[in-house]
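To start, the structure itself, in structure tokens.
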Amino acid sequence: MSDLTHPDDRLLLEALEALEPLPAQVARMRGRVHAKLEAERASLLGEWLALLRVRPVVHTAYLFAAAVVLLVSTPLGALLRALLLPSAS
């Protein structure tokens, strides 16, 4: 029995080749991933509009909740609160 004639050894070598692909294989995989990403690229606005078409009431509520969280938790929101609400002192 030689080193690489056993079927299990060949299967092991094939599995290890998958972990270390050749440069041509890497380039082919990278090309496929980029092609898939370009094919599915959509704008954020388009995704929001698609969500609003599915369940308009619920997703509109989510939209307003997200806007409130952004206004409360960001410096811009603090600035707007300081300008709009009179100070107690």
Measuring from Leu71:CG to Leu79:CG, what's the distance to the nearest 0.5 Å?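 Rounded to the nearest 0.5 Å, the CG-CG separation comes out at 11.0 Å.
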
Measuring from Leu51:CG to His59:NE2, what's the distance to the nearest 0.5 Å?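 Going from the CG atom of Leu51 to the NE2 atom of His59 covers 5.0 Å.
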
Let me check something: any side-chain donor-acceptor pairs from residues 24-33 under 3.5 Å, sequence neighbours excluded? List them with distances.
| from | atom 1 | to | atom 2 | distance (Å) |
| --- | --- | --- | --- | --- |
| Gln25 | OE1 | Leu22 | N | 2.8 |

Sequence neighbours excluded, which residues qualify as salt bridge (charged side-chain N to carboxylate O under 4.0 Å, His left out) partners of Glu47?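 With neighbours one apart ignored, the set is empty.
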
Leu11: side chain to side chain contact (heavy atoms under 4.5 Å, CB included) partners, not counting sequence neighbours: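 With sequence neighbours excluded, Leu11 shows a side chain to side chain contact (heavy atoms under 4.5 Å, CB included) to Asp8, Glu14, given in chain and number order.
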
Hey, could you give me each pair passing ring-ring contact (aromatic ring centres under 6.0 Å, His included) that has a residue in residues 8-40? Not counting sequence neighbours.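 Sorted pair list comes back empty.
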
Linking Ile, Leu, Val, Met, Phe, Trp and Tyr by side-chain heavy atoms under 4.5 Å, what else ends up with Leu19?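 Result for Leu19 is Leu12, Leu16.
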
Report, one line per pair, each donor and acceptor closer than 3.5 Å where one atom sits in a side chain of residues 60-67; sequence neighbours left out.
| from | atom 1 | to | atom 2 | distance (Å) |
| --- | --- | --- | --- | --- |
| Thr60 | OG1 | Pro56 | O | 2.5 |

